[in-house]
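Notes follow once the structure below has been shown.
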Amino acid sequence: MRTDYCGELRGEDSGRTVSLCGWVSRRREHGEHLAFIDLRDHTGIVQVVVDHAHDIRSEYVLRVTGKVRMRPEGTRNPNLPTGDVEVCDCEVETLSRAEPPPFPLDERLETDENIRLKYRYVDLRRERMQRNLRVRAKVNSAIRRSMEQQGFVEIETPMLIANTPEGARDFVVPSRLKPGSFYALPQSPQLFKQLCMVGGVDRYYQIARCLRDEDLRADRQFEFTQLDAEASFVSQVDVREFITNAVASATEAVTGQRPAEFPSITWHDAMERYGTDKPDIRFGLELIELTGLFAHTEFKVFQADCVKGIRVPGGADHTRKQLDALTEKVKLWGAKGLVWLKVEEDLSLNSPITKFLSDAETENLLGAMDAEAGDLLLIVADRRATARHVLGLLRLELGRPPVAEGGLHFLWVVDFPLFEDLDEEGLPVPAHHPFTMPKEEDLALLDSEGKGLLEIRAQAYDLVLNGWELGSGSVRVHRPDIQQKVFDAWGIARPDAEQRFGFLLDAFGYGAPPHAGFAFGIDRLVAILVGEENIREVIAFPKTQTGGDPLTEAPMEIAPDHLTDLGLRLLPHKS
RNA sequence: GGUCCCGUGGUGCAGUUUGGAGUGCACGCCGCCCUGUCAAGGCGGAGGUCGCGGGUUCAAAUCCCGUCGGGACCGCCA
């Protein structure tokens, strides 16, 4: 049907007779018998010279057969890769007529996303979406190649699985053959990949669709895609190397440049210096520890579990209004308040709280924060977890560059704790799933209670890129005695564990190899590689923030008969 | 569960603060003119439930309440 792609014709093709297929991108009409058509396919556009007598409109699908020739001197278009040539003496076949598009396909204009999604099939024709989808395919392909080279075997795992009450909310599918029973859709293939290890697969991987029924965000969809991997008889260092190789290969396939070795930071340092377990290290504004400095202060606000601050270079030009707005935000995020201090030209401090600080405290504060004239100092005093969290958010608010700027800064975060914190009832809040292996030297701490549990470090690690959590992994528990202790620490009673994970524990009774694994989000990796703020831009058919699809109008009600088949009856709607 | 922003011809915006006739800009669309344009150009034209509902008012795109849709974030995402 066609001999060439539109965007690939060059001067060398001059003289050839070609057949092209594509959409009418733009037309320029000059009188009765001359019109220029920009014909577009996924490779780009080329100018076609036709008789204006043809009825040709925007987005008509054409097959054009004609002769490639150099454009007349002075009419070449240097802005177009195909700008030296045009196709003339054309026979034009209209393969499809088209309504005028519901929005301009022009890249210069932003269009309301709801409309783009409703007409996604039109939106996908745009250069941006074509590029994003093709980059994504390249990433998948590079990942597969890398994993295969490293001895991993691609295995598919089931989509209809047992519901596990832990973690995120499961999507659920009613069973027709067993009314009243439900399958869950997988949040990840976690348990199955561990079963593969028991099954002697040695090295498993899968580009896996995962589903979690949690509120959507710019970097979160109900459905997302992960590289999921697991390997036997390996250390966490080995796993990080496998994953680094795969991610570096994917990055290289897109950017042409293989990233340097990924640095690593401990979870503890990340929390203290960046206030988050996924630091964006493209910029400074690190958190500065001040607790010791105010250990004996008279100032009540600073008599807190933790006092930390950030220095905003040149930030003293913030207005009172802006500072009040920041204070409001900080309160919404959970802090009691925000202390701000402006550093004046003479290095004195301009702040509502200066009168509560001793001269020595002021001097020490300036020194600890490396303060210079014109800086803004922001300080939060609170519970340590709160102070870190709030300052971490504040840091992003004040300094985070746009996604496409600042380069690619991969970072391994290692030595995650087994438990991140204690909740209001004093129960430990797990940092990972309950099959995460503690560090050998911390195993004894499994017998402790309360705060002691927080000291346990896990053999768990996250991969972070520019402040986005790409993924996480861990060495898994493969010994039943340690597993039992971990369940005890979690507060999972033995019968519960039996009911929820019995099949895995049984499997481990039949010869489980030591194993470790990882999973990372391909949507997020691709979004950052193409410079998109939102993963919807790298997903062909995404959902809106309320989980709907404007194109197909999912989710929708189903027929009463269908419900009856499934043994279901609906409750009345909440009014 | 919560905070904030947006909703005006097909598209993107201005108009909303300070109520006074659906007012304006750009693109697109339709028709005519036009043989070297490329974001073509010129002339003319069509196209509106100002998201929806209620309230205040002599009068509401504009003020108030509610609601729907979209977006960003907090919570949530072991």
Side-chain angles (χ1 to χ4, degrees), chain A residues 25-39 45-52 57-59 71-80 82-83 86 88 99-119 122 164-170 187-188 190 210-222 224 278 325 328-335 389-390 393 396-397 416 418-420 423 427-436 458 460 469 472 474 486 490-492 500-501 521 533-534 536 543-548 550 553 575:
Chain A
S25 185
R26 219 170 215 109
R27 66 214 144 93
R28 295 171 290 280
E29 296 163 348
H30 290 256
E32 210 175 341
H33 291 294
L34 177 67
F36 300 103
I37 303 293
D38 287 338
L39 195 66
I45 62 176
V46 68
Q47 174 164 289
V48 176
V49 187
V50 300
D51 191 314
H52 187 188
R57 311 271 161 154
S58 284
E59 300 306 312
R71 292 196 191 182
E73 208 56 53
T75 67
R76 297 188 183 164
N77 185 346
N79 302 318
L80 222 53
T82 61
E86 62 190 6
C88 61
E99 298 293 322
F103 53 87
L105 273 70
D106 205 297
E107 295 294 334
R108 288 185 312 269
L109 293 172
E110 276 298 317
T111 299
D112 181 81
E113 209 185 337
N114 206 28
I115 297 169
R116 289 176 56 206
L117 292 182
K118 184 169 176 186
Y119 300 95
V122 174
T164 52
E166 292 304 316
R169 219 171 281 116
D170 278 337
Q187 295 180 27
S188 80
Q190 182 62 35
C210 306
L211 297 106
R212 293 179 191 172
D213 188 3
E214 296 292 346
D215 289 358
L216 296 87
R217 286 280 201 289
D219 63 349
R220 267 162 40 191
Q221 287 265 307
F222 285 156
F224 57 100
K278 45 178 180 175
E328 278 312 303
K329 271 192 179 153
V330 156
K331 285 180 178 168
L332 281 173
W333 291 334
H389 173 64
V390 166
L393 291 174
L396 294 177
E397 177 85 15
F416 267 67
L418 203 57
F419 302 106
E420 273 191 29
D423 67 16
L427 297 170
V429 179
H432 279 275
H433 57 68
F435 314 108
T436 303
E469 183 195 322
S472 62
S474 63
V486 172
W490 269 58
I492 301 176
R500 269 140 67 171
F501 314 116
E533 305 272 358
N534 195 302
R536 288 190 297 270
K543 303 280 187 287
T544 66
Q545 196 166 61
T546 46
E553 296 187 314
S575 58

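Chain identifiers are assigned alphabetically (A, B, ...) following the order of the sequence lines, protein sequences preceding nucleic acid strands; residue numbering begins at 1 within each chain.
Counting non-hydrogen atoms under 4.0 angstrom, A/S58 reaches the backbone sugars and phosphates but no base. Within the 4.0 angstrom heavy-atom criterion, base atoms lie near A/R71. Using a 4.0 Å heavy-atom criterion, one finds that A/R76 contacts the bases of the nucleic acid, with or without backbone contacts as well. Residue contacts for A/E86: at a heavy-atom cut-off of 4.0 Å it reaches a base atom on one of the strands shown.
An OP1 or OP2 oxygen of B/G42 is reached within less than 4.0 angstrom by no side-chain nitrogen or oxygen of A/R28. Residue A/T546 places at least one side-chain N or O under 4.0 Å from the OP1 or OP2 atom of B/G70.
B/U62: no Watson-Crick or G-U partner with both key distances under 3.5 Å is found in any strand. Nucleotide B/C4 has B/G71 as its partner under the Watson-Crick or G-U criteria, with both atom distances under 3.5 Å. Pairing partner, B/U16: none, since no Watson-Crick or wobble contact has both distances short of 3.5 Å. Both distances falling under 3.5 Å, in either a Watson-Crick or a G-U wobble arrangement, occur for no nucleotide opposite B/U35. Checking B/C27 for Watson-Crick or G-U wobble geometry (two distances, each under 3.5 Å) identifies B/G10 as its partner.
Between the CZ atom of A/R26 and the P atom of B/C38 there is a distance of 11 Å, given to the nearest Å. Taking atom CG of residue A/N114 and atom P of nucleotide B/G69, one finds them 10 Å apart after rounding to whole Å. Separating the CD1 atom of A/I45 from the C1' atom of B/C38 is a distance of 8 Å, rounded to the nearest angstrom. The distance between atom CG of A/D106 and atom P of B/A26, rounded to the nearest whole Å, is 17 Å. Following rounding to the nearest Å, A/D38 (CG) and B/A39 (P) show an atom-to-atom distance of 8 Å. One atom, CD of A/E553, and another, P of B/C68, lie 17 Å apart when rounded to the nearest Å. Between the P atom of B/C34 and the NE2 atom of A/H30 lies a distance of 13 Å, rounded to the nearest Å. The distance from atom CG of A/L105 to atom P of B/C29 is 12 Å, rounded to the nearest whole Å.
When the P atom is compared between B/G28 and B/G12, the two are found 15 Å apart, to the nearest whole Å. Look at the P atom in both B/U37 and B/G41: the space between them is 12 Å, to the nearest Å. Spacing between B/G22 and B/A61 at atom P, rounded to whole Å, works out to 7 Å. Here the separation of B/C68 from B/G53, taken at their P atoms, is 15 Å to the nearest Å. As rounded to the nearest Å, B/G20 and B/C65 have C1' atoms that lie 24 Å from one another. Taking the P atom of each, B/G48 and B/U11 are spaced 13 Å apart, rounded to whole Å. Going from the C1' atom of B/A40 to that of B/C33 covers 14 Å, rounded to whole Å. When the C1' atom is compared between B/C50 and B/U16, the two are found 11 Å apart, to the nearest whole Å.
Residues satisfying the salt bridge (charged side-chain N to carboxylate O under 4.0 Å, His left out) test with A/R71, not counting sequence neighbours, are none. Taking the salt bridge (charged side-chain N to carboxylate O under 4.0 Å, His left out) definition, one finds that A/K118 meets it with nothing, sequence neighbours left out. For A/R28, the salt bridge (charged side-chain N to carboxylate O under 4.0 Å, His left out) criterion is met by A/D38, not counting sequence neighbours. Contacts of A/D170 classified as salt bridge (charged side-chain N to carboxylate O under 4.0 Å, His left out), with partners at least two apart in sequence or in another chain: none.
Looking only at distances, a side-chain donor or acceptor of A/T82 sits under 3.5 Å from a matching main-chain atom of A/I45. With A/H52 contributing its side chain and A/G31 its backbone, the two residues share a donor-acceptor pair below 3.5 Å. A side-chain donor-acceptor contact under 3.5 Å links A/Q221 to the backbone of A/K543. Without hydrogens or angle criteria, A/Q187 side chain to A/A168 main chain gives a donor-acceptor distance under 3.5 Å.
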I'd like a table of atom pairs between the protein and nucleotides 7-11 of chain B - only N or O on both sides, under 3.5 Å - with the distance next to each one.
{"unit_1": "B/G10", "atom_1": "O2'", "unit_2": "A/P102", "atom_2": "O", "d": "2.7"}

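Around the OH atom of A/Y119, the shell of radius 6.0 Å holds no more than 12 heavy atoms that belong to other residues, nucleotides or ligands. Applying the 6.0 Å contact sphere to CD of A/E32 captures no more than 12 heavy atoms from other residues, nucleotides or ligands. Residue-environment remark: CD (A/E107) exceeds the threshold of 12 foreign heavy atoms within 6.0 Å.
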| field | Per-nucleotide protein contact string for nucleotides 72-78 of chain B, where B marks a base within reach and S marks sugar-phosphate only (heavy atoms under 4.0 Å, - for neither) | value | BSBBBBB
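Of the two residues near RNA chain B, A/T75 and A/K543, the one whose nearest nucleotide lies more 5' is A/T75.
Salt bridge status for A/E214 with A/R220: absent, with no side-chain N to carboxylate O gap under 4.0 Å.
For A/R27, taking side-chain heavy atoms from C-beta onward, the closest of the listed nucleotides B/G70, B/C29, B/C34 is B/C29.
With hydrogens and angles ignored, a donor-acceptor pair under 3.5 angstrom links the side chain of A/Q47 to the base of B/U37.
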